[in-house]
Number of protein chains: 2
Amino acid sequence: MASRKTSIMEAAARVIARRGVRGLRVEELAAEAGVSTALIYYHFKDRTGILRQTLEFINDRAERYTTERDPDAPPPTAREELEQTLLLELQDTVEVRENSTAWGELRASAVFDETLREDLARATRIWVQEVAGLLGVVQPMSSAVALAGAAERLTALLEGLSMRWLSGSLPLAHARTLLTEAIDTEVARLGS
Amino acid sequence: MASRKTSIMEAAARVIARRGVRGLRVEELAAEAGVSTALIYYHFKDRTGILRQTLEFINDRAERYTTERDPDAPPPTAREELEQTLLLELQDTVEVRENSTAWGELRASAVFDETLREDLARATRIWVQEVAGLLGVVQPMSSAVALAGAAERLTALLEGLSMRWLSGSLPLAHARTLLTEAIDTEVARLGS
DNA sequence: GTCTATACCAAGATAGAC
DNA sequence: GTCTATCTTGGTATAGAC
């Protein structure tokens, strides 16, 4: 059963996707969630609390959709798993949009806010390592350094493509094509 | 002779680099420029005017540093010119920082602001075409589609690496290495 | 836990003198 | 063109009743 607090965080995720972290107005959030502003302060203490907890909430959700796979589907090959993991972030679904938007906001905010940098750097490191791990299964003969480099390039490219998509500079289908080709290229590079 | 208005825009560029487009406070800008807030409104009409004109100003400056080359240096090969053009954006100088920061802010803002999208998409298109042109000189046998794809990947990667650098997730030297390797890979890909 | 009403403040913007 | 002083607003946060 979704608690009231959870439904406020769901509403907050929608508002953030629409207005950004820095554009979130407590009043708009209250309207979106169908509650009073006072209730929001009761649950979250202050604006920063709303942001902190909602970002955490969004992150947890993302972990779920990144990990979950259809249990009836045949187990994917390593290469398929790599592609799926990366392409998952370039999909026009509510959850992905909300997550990517929040991630982009976090990245942009960290440029000016020291306090965000450590968390963001750690999350980035984990994400890079995960991709490096998948690449290592596809190309087991590669050195750790080469794998890390390829993973850094692919995830940084993905962030760049994602921002272009969200900001209306690049159609989603084209972004997916470009990323797929980059995966091909990086895998080939590791194999040579 | 730099006019007062110009010196306010220079100050605005510094404030934007420090606080971001959305963090720019007119009062802080006034202090930075050593003038009153009233004077700023006299010259720029309103906050939006400050932003519009300063972003244009920064863009012009960027065009200059991207184009300018040491006249005494030997003319670069096509490959060198390609590398220089891209790596120029990954340098720790005041101008590049200000420009990259502004660009990142613009990109992030456009996710929530329709009115910015058209300009941004056009600027992106021009930038991609310029890089595609340079790639075409390096690999003249490539198809236009292949050149465009490589240019889109390289510029999107550059944006991603730049944001990671500015947000403290990636040391500058490493970002440069990753980009150089990506250029190698894309050029090789076009040649095969 | 949840609301209505409101205090409070930071920041954008303007009036009017020089 | 430039300043000091001030108005105004939009947005965060709280008091107090239910």
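Lettering follows sequence order; numbering is per chain, from 1. Everything numeric here is computed off the predicted structure, so don't read it as measured data.
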| said: Is it the case that the side chains of A:R164 and B:T155 hold a donor-acceptor pair, with the cut-off being a distance below 3.5 Å and no angle test? | reply: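 On atom types as modelled, these side chains qualify, holding a pair under 3.5 Å.
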
Rounded off to whole Å, could you give me the [atom1]-to-[atom2] distance for the [X] and [N] pair?
X     : N      : atom1 : atom2 : answer
A:Y41 : C:dC8  : OH    : C1'   : 12 Å
B:I40 : C:dT14 : CD1   : C1'   : 14 Å
B:E27 : D:dT6  : CD    : P     : 15 Å
B:H43 : C:dA13 : NE2   : P     : 17 Å
B:R25 : D:dT9  : CZ    : P     : 19 Å
A:L39 : D:dT14 : CG    : P     : 15 Å
A:R19 : D:dG10 : CZ    : P     : 15 Å
B:E28 : C:dA10 : CD    : C1'   : 14 Å

| Which part of the nucleic acid, if any, lies within reach of B:L29 when heavy atoms closer than 4.0 Å are counted: base, sugar-phosphate only, or nothing? | nothing

| task | Answer with base, sugar-phosphate or nothing: what part of the nucleic acid does A:L24 contact at a heavy-atom distance below 4.0 Å? | result |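 Sugar-phosphate, backbone atoms only, no base.
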
| request: Kindly confirm or rule out a cation-pi arrangement of B:K5 over B:F44, judged by NZ or CZ under 6.0 Å from the six-membered ring centre and within 45° of its axis? | output: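 Checked: cation-pi criterion met.
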
Has [X] got a side-chain N or O lying under 4.0 Å from the OP1 or OP2 atom of [N]?
X     : N      : value
B:R47 : C:dA13 : no
A:R4  : C:dT2  : yes
A:Y42 : C:dT2  : no

| query | Taking atom CD of B:E56 as the centre, does the number of heavy atoms from other residues, nucleotides or ligands within less than 6.0 Å exceed 12? | reply | no

| message | Nearest 0.5 Å, please: how far is CD in B:E186 from CG in B:L135? | response |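 The distance works out to 8.0 Å.
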
